[in-house]
Amino acid sequence: SSDVCSSDLVQKGRLVMDDTGRKALDFYRDIPAAYAVFQVIPGESGDSAQNARYVFVNQRYCQVAGKEPEELLGRLFYEVYPQGNALWMDCCHKAVTKRVEIRNRYFEEAIGHWLDFAVKPLAHPDWVAFVFMVADRDRAEKEAIRRGRDTDDVILQISKILNNGEDYAESLDHALEALSEVIHPDRLYILETDRKTVTNSFEWCAPGIKPELETLQHLDYQDYIGGWEKFLEKSSCVLIEDIEMLKADDPIDYENLKRQGIHRLLAAPFYHEGQLVGYLGADNYEVNDLLNTREIMETLSYFLGAKVTNHQLMEELYRLSRFDSLTGVWNRNALERKTACLEKKRISVGIVYGDVNGLKATNDRYGHWAGDDLIRRAVEALEDSFSRKWIYREGGDEFLVLAQGMGQEDFARQVDRLRRNLDNRTDLSMALGILWLEDSATIHQALREVDQAMYQDKAAYYRKHDRRRHGQDAAQSAE
């Protein structure tokens, strides 16, 4: 057989086989596993194998090794593979000297394959049999399973962080930090957008990397990341493995990324009710065969996006429950909470109760848009003298100022400023009730008193002015 060689004798460097040996070894020629027999050559000290000579190889072994039988038979292992791994000689020596079977898995660089192998001593002195199975597919399947498991573990770990009860901002910062320990980027960030502007709301930066959080605020969406949409037409994420690919077609985005020192980028979008509302992005992340970075980013973007959009909804609900939608100042709900708080604090408070004169006449004659404008001007007038954080719209045309942290004289000066301002305006008139309260424990009684003072001022105003005419004048000024 052309692929079989064994010998009991060595003549002129060739191994010569007798008929019994040929028949015994020829049995293994067609088995599907790679099979070889080696004559182990011990080292001078006898405590290691110096080399091994090919005695027999079957066709499958030759296919795996990428050699013809004549390139192997009778030759020494290190003659065929000068850079061969000493592991093989260790296995040969152990099998021969200890008469044990050895099993293992190893990647053999010389042939570029993962091998499952067994080494077994034979009856013939110094002979060992090697059986090899190429384990590339098995290895790949196990690696894929392990990669998927490790990827899932990362996703689970970070999703737990997002739901561990931490403060919103703390949990997002914590999640980005944990993610950075896995994919080792220069920068991780969350971008939020309404498709008009885009804002970098959270980021993590590696040591030595310049933060961009303050720079990337309220940028034009189309100019900054509008070009990313073309990636989403064909893919579930924005994957830019080399920013040079953007240079010709998207020079603005290319320059933005280049300025930040970015050469590789992965951005996973997140949505709310089908609308793009943000991205989870990673700059210059580590390419890692042990984890599926893209799957991690895309899955976490879902969890992060849900947390971001839920927070936005909660913020909106808070805003609606606390702030007046027309003027942006505190509303009646906020006023009730504030007075309950002041009742317990027992501090001094300067109170201004204001009511817009002529609002009904303006609404009747010119429409509610004109009345709304009159209300907004009333807030502007109050803001000119008092901090916006102290102004409440109680309802309709009535406003309260609860000034804190100032003395009575300072409060009186600001009230005088407000009165002068109103006296000098032709587009706005307000009736005012003023009260300085030393102890906010009686805030509710004080509010009733200042309310009465405001109505007395309003009655005095209308005794001097024609109610209907003033409303017309104010509306004309609004035009």
Side-chain angles (χ1 to χ4, degrees), residues 167-170 192 194 199 201 308-357 359-360 363 368-369 371-408 410-412 414-415 417-419 421-422 428 430-455 457-458:
D167 172 79
Y168 171 71
E170 288 179 352
E192 298 181 38
D194 56 4
T199 290
S201 52
V308 169
T309 54
N310 182 63
H311 178 74
Q312 290 174 342
L313 291 173
M314 294 301 292
E315 287 285 291
E316 179 64 12
L317 288 174
Y318 176 81
R319 190 188 67 79
L320 292 174
S321 68
R322 300 288 193 279
F323 294 94
D324 176 53
S325 59
L326 176 62
T327 64
V329 298
W330 299 102
N331 63 15
R332 187 180 183 88
N333 288 335
L335 175 63
E336 291 176 354
R337 289 175 176 268
K338 187 62 179 178
T339 53
C341 179
L342 288 173
E343 193 172 30
K344 297 175 183 178
K345 280 188 173 182
R346 307 193 66 167
I347 61 175
S348 59
V349 182
I351 306 174
V352 177
Y353 203 142
D355 186 291
V356 179
N357 292 322
L359 179 63
K360 184 177 185 305
N363 284 333
H368 286 279
W369 70 267
D372 290 347
D373 188 58
L374 195 57
I375 290 172
R376 283 190 287 265
R377 291 205 300 274
V379 171
E380 292 173 2
L382 293 172
E383 275 192 286
D384 187 58
S385 297
F386 298 98
S387 172
R388 187 179 185 86
K389 66 182 180 181
W390 295 337
I391 302 173
Y392 298 79
R393 185 183 181 193
E394 188 176 23
D397 53 3
E398 297 177 347
F399 294 89
L400 264 173
V401 175
L402 299 177
Q404 303 143 65
M406 63 167 56
Q408 186 172 3
D410 289 336
F411 173 68
Q414 294 307 108
V415 169
R417 177 186 174 91
L418 173 61
R419 291 190 186 279
N421 182 6
L422 292 172
L428 175 68
M430 295 183 70
L432 300 177
I434 309 298
L435 180 72
W436 175 257
L437 180 62
E438 285 291 349
D439 185 353
S440 60
T442 59
I443 183 69
H444 291 97
Q445 174 61 34
L447 290 180
R448 287 191 288 272
E449 293 176 11
V450 79
D451 179 47
Q452 290 298 316
M454 180 274 293
Y455 276 109
D457 188 52
K458 196 175 189 72

Looking only at heavy atoms, what is the nearest atom pair of [X] and [Y], with distance?
{"X": "S440", "Y": "V349", "value": "CB-CG2, 3.9 Å"}
{"X": "K338", "Y": "Y392", "value": "CG-OH, 3.0 Å"}
{"X": "R377", "Y": "L428", "value": "O-CD2, 3.6 Å"}
{"X": "W330", "Y": "K389", "value": "NE1-O, 3.0 Å"}

Is any side-chain heavy atom of [Y] closer than 4.5 Å to one of [X]?
{"X": "E394", "Y": "Y353", "answer": "yes"}
{"X": "R393", "Y": "L326", "answer": "yes"}
{"X": "Q452", "Y": "L435", "answer": "no"}
{"X": "I443", "Y": "L447", "answer": "yes"}
{"X": "D372", "Y": "R376", "answer": "yes"}
{"X": "M430", "Y": "L418", "answer": "no"}

TODO: Name the orientation class of the two ring planes belonging to W436 and F411 (parallel below 30°, tilted from 30 to 60°, perpendicular beyond 60°).
DONE: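 Tilted, since the angle between the ring planes falls between 30° and 60°.
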
Open item on the list: More than 12 heavy atoms of other residues, nucleotides or ligands under 6.0 Å from NE2 of H368: yes or no?
Closed with: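 Open: at most 12 neighbouring heavy atoms sit under 6.0 Å from NE2 of H368.
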
- [ ] Could you please spell out the steps behind the side-chain hydrogen bond (donor to acceptor under 3.5 Å, both in side chains) verdict for Q414 and R417?
- [x] CA-CA 5 Å; Q414 294 307 108; R417 177 186 174 91; 5.5 Å; no

Task: Electrostatic pair E315-R319, nearest N-O below 4.0 angstrom - done: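 Looking at E315 and R319, the cut-off is not met.
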
